[in-house]
Number of protein chains: 2
Amino acid sequence: MADSPVAVSCSNCSVRRLCLPAGLSLAEIDRLEQVTGKKKVIKAGESLYRAGDSFQNLYAIRSGSFKNVVIAADGDTQITHFALPGELLGLDAYSTRVHSSYAEALEDSSVCLLPFAQLEVLAQQVPALQQQIYSIFSEELRKENEILMLLGKRSADTRLAALLMNISSRYACRGYSPNEFILSMSRTDIANYLGLTAETVSRLFTRFQKQGVIQVNGRVVQIQNLLGLSEIAGTHCGYEGEV
Amino acid sequence: MADSPVAVSCSNCSVRRLCLPAGLSLAEIDRLEQVTGKKKVIKAGESLYRAGDSFQNLYAIRSGSFKNVVIAADGDTQITHFALPGELLGLDAYSTRVHSSYAEALEDSSVCLLPFAQLEVLAQQVPALQQQIYSIFSEELRKENEILMLLGKRSADTRLAALLMNISSRYACRGYSPNEFILSMSRTDIANYLGLTAETVSRLFTRFQKQGVIQVNGRVVQIQNLLGLSEIAGTHCGYEGEV
DNA sequence: CGCTACATTGAATCGAGTCAACCGGGGTGG
DNA sequence: CCACCCCGGTTGACTCGATTCAATGTAGCG
C-alpha cells in the first residue's frame, strides 16, 4: 500500500535477489523489465486469481503476503503456501492453463504481472532466465516436500514451531527482524496450513508462551528463545534453507 | 526386467505419450533421442540416486516403479511420490544441484538417463520441449498440492481409498486393468506415504474388504465397487486427473 | 453502542498410534 | 529335507494427542 506510482523496475526492487532477476546480468534484467511492466495492487482479503481462472500471468510479489489455497471437490480447502515478497504465484497452472488454486492477499499487497507467453519467449532467448525459471520450479518442489514431511510425520507442536522458524528466517532474508514480527494470517489460516484446528493452534501459542520460547500478543510474535523453538521444531529449522 | 537390449528410443517407447516427448513433432523427438541415449536397469530395492548425490540427470521411468523419499535432519523419512512409467524423477534437485531426496526401485525397473545440461540446451532450441518441461514441473506442483490436501485434512480411510483410486487410474492410463493390480510397495511404504502407521493401513485393508469394496490378498488388489471406493475417498477420486 | 469476526479456554470424545503377540512364506544353513 | 529365522503382514488391547462442542473474551467497525 505504501508503493509510490513510479514505474515498476526490477533493478530497483528490494526483493530482486529473491525473485526472477536473481542471477541475471544488468542487460538481461533490462530485457526482463520489458515484460514485467505492469503492477497490480491487491487489498487485504481480495483474490489475485481464483480457481477456474484461465492462466495468463505469473505474479511476483512486491510487497505484502498471500495465501495459496487449493479447493477439493467437496469444497474443503487446504492452504499450501504462505507467500512473501520475491516469491512467484501461479506456477501450478501452467500445465492445465487453468488455475487449480486461488491466491488471496493477507494484507494490502502489490504484485508484478508476468505474462507467461512473453516470459516463455524471452526465456528461449536468455538462458540465464530459463535457468532461473527451472530453479524456481525446482525450489517450489523442494519446499513442498518439506511441508509433506511436516504434515505426514510431525506432532502439532513441532508443526507450529517449524512454521514460526520458517517465517522468522524468511523475514530475516528480507531484511526484517527474525525475532519480532507480525503474522499476517489468522489462527484459522495457520491451522489450515498445518493440518490442525484453530483451537489447537491457539493452545500451542499459549503453551509456547508459558514455556518462555515466544511472547505472543494477538498476531504480534516475539521469539525469546530461538534455540528452544528450534528444539521443538526438531532441528527441522524453518524446514531448512527456505527463502 | 523384460527389456530387450535394443537401443532406447522415445518413438517406440510405450509411455511416450506420458513422458517428455508428449507434444513434440517427430523431428523434435529425433533430436530429443540424441540426448536420451542411455538406459539403466535398477533392481528392486536399489537406489537410482541418493540424498547428497550431485545432480546430473533427470530420470524417465521406462518400466517398473519407484518411491521418492525425503529425509529429515533427524533421519526420519517421508515418501513424497510413488512414480510409475512415463514419470520423471529428480526435478527437485535442479536448484541446489544436489539431490535432497532419494529414489528407490520398488521392483526391477529401467530408466532413461536425461543429462540435464544437454536437455537444457536442447530446450533452448526447441520451444515445444521447453514447454513440456514447464508443463511437467507445473504438473508435479499440482500433484503435490493434492497430496497436501490429503495429509492435511483427510481421515485414514479417505487417504487409503484416494491412494487406491489414484493408482487404479494411473494404471488405466498405462493400459493396465484399473480393477485388478499388484501393489509394488509394502504396507509400511503406503503408511509412510499417507502419514499413517502400517497397522492402521493393514486394518483399513481388511475393513475395506469386509465392506466389499475391494478384495485383497497380500499385494494383489481387486476393486469390486469403484463407486463405493470413490465415496470413501470423498469424490477426491484419484486426486483428480492424475497421470 | 452493539455487532461481527477472531481468539482463547475448558471438558468430553474419538481416531489413530503404540506396544505386543501371532501368522505365514521364503530363504538359509545344518 | 527339515528346522529355523527373519521379515512383512495382521490382529488385539490400551493410550494419548488432537478434535469437537461449547462458553467466554476481545478488538475493530458501522
Side-chain angles (χ1 to χ4, degrees), chain A residues 43-46 67 76-79 82 104-108 149-164 182-211 214-221 232-234, chain B residues 43-45 67 76-79 104 106-108 150-164 182-211 214-221 232-234:
Chain A
K43 287 213 277 279
E46 286 180 355
K67 60 177 172 181
D76 202 359
T77 64
Q78 170 72 42
I79 297 177
F82 293 120
E104 182 183 316
L106 294 168
E107 57 195 307
D108 294 352
M149 168 77 72
L150 215 55
L151 293 190
K153 296 278 174 309
R154 305 301 181 190
S155 62
D157 52 355
T158 299
R159 295 184 202 188
L160 182 59
L163 175 62
L164 291 174
I182 298 174
L183 296 169
S184 56
M185 70 292 284
S186 69
R187 297 288 191 265
T188 306
D189 283 341
I190 293 174
N192 182 299
Y193 175 71
L194 296 176
L196 303 168
T197 58
E199 292 94 327
T200 300
V201 170
S202 182
R203 280 184 251 269
L204 287 170
F205 270 119
T206 57
R207 210 179 81 200
F208 286 177
Q209 179 159 271
K210 274 181 193 154
Q211 292 172 353
I214 61 171
Q215 183 76 35
V216 203
N217 192 348
R219 297 192 179 184
V220 183
V221 175
I232 298 172
Chain B
K43 287 214 275 281
K67 59 177 172 181
D76 203 359
T77 63
Q78 170 72 43
I79 298 176
E104 183 184 314
L106 294 168
E107 57 194 307
D108 294 351
L150 215 54
L151 293 190
K153 295 278 172 311
R154 306 301 182 189
S155 63
D157 53 354
T158 299
R159 294 185 202 189
L160 183 59
L163 176 62
L164 291 174
I182 298 174
L183 296 170
S184 58
M185 69 293 283
S186 68
R187 298 287 191 266
T188 307
D189 283 342
I190 293 174
N192 181 299
Y193 175 71
L194 295 177
L196 303 168
T197 59
E199 291 94 326
T200 300
V201 169
S202 183
R203 279 186 250 270
L204 288 170
F205 270 118
T206 57
R207 210 180 81 201
F208 285 178
Q209 179 159 270
K210 274 180 192 152
Q211 293 173 353
I214 61 171
Q215 182 77 32
V216 203
N217 190 349
R219 297 192 179 183
V220 182
V221 174
I232 298 173

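Letters A, B, ... are given to chains in the order of the sequence lines, protein chains preceding strands, and every chain is numbered from 1.
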> Rounded to the Å, how far apart are Ile190(A) CD1 and dC6(C) C1'?
Replying inline: 12 Å
> When the distance from CG of Asn192(B) to P of dG8(D) is rounded to whole Å, what number comes out?
Replying inline: 14 Å
>> Between P on dC7(D) and CG on Asp189(B), what's the gap in Å once rounded to a whole number?
In response: 16 Å
>> Is there a side-chain contact between Val221(B) and Phe208(B) in this structure, where contact means two heavy atoms from C-beta onward sitting under 4.5 Å apart?
In response: no
> Please give, in whole Å, the distance from dA7(C) C1' to Gln209(A) CD?
Replying inline: 13 Å
>> If the condition is side-chain hydrogen bond (donor to acceptor under 3.5 Å, both in side chains), which residues does Ser202(A) pass it with, not counting sequence neighbours?
In response: none
>> Using the side-chain hydrogen bond (donor to acceptor under 3.5 Å, both in side chains) criterion, which residues pair with Arg207(B)? Sequence neighbours excluded.
In response: Asp157(B)
> In whole angstrom, what separates Leu183(A)'s CG from dA27(D)'s C1'?
Replying inline: 17 Å
>> For a quick test of reading the model, state the closest non-hydrogen atom pair linking Arg159(B) to Leu151(B) and the distance between them.
In response: NH2-O, 3.3 Å
> Which heavy atom in Ser184(A) sits nearest to a heavy atom in Arg219(A), and how many Å separate them?
Replying inline: O-NH1, 3.4 Å
> Over how many whole Å does the gap from Arg219(A) atom CZ to dA27(D) atom P extend?
Replying inline: 14 Å
> Quick one: what's the B/S/- string for nucleotides 8-17 of chain C, heavy-atom cutoff under 4.0 Å, read 5' to 3'?
Replying inline: BBBB----SS
> In whole Å, what is the span from the CD1 atom of Ile182(A) to the P atom of dA7(C)?
Replying inline: 14 Å
>> Using salt bridge (charged side-chain N to carboxylate O under 4.0 Å, His left out), reason through Asp189(B) and Lys67(B) one step at a time and then give a plain yes or no.
In response: CA-CA 8 Å; Asp189(B) 283 342; Lys67(B) 59 177 172 181; 3.0 Å; yes
> Could you give the CG-to-C1' distance, from Leu106(B) to dG8(D), as a whole number of Å?
Replying inline: 15 Å
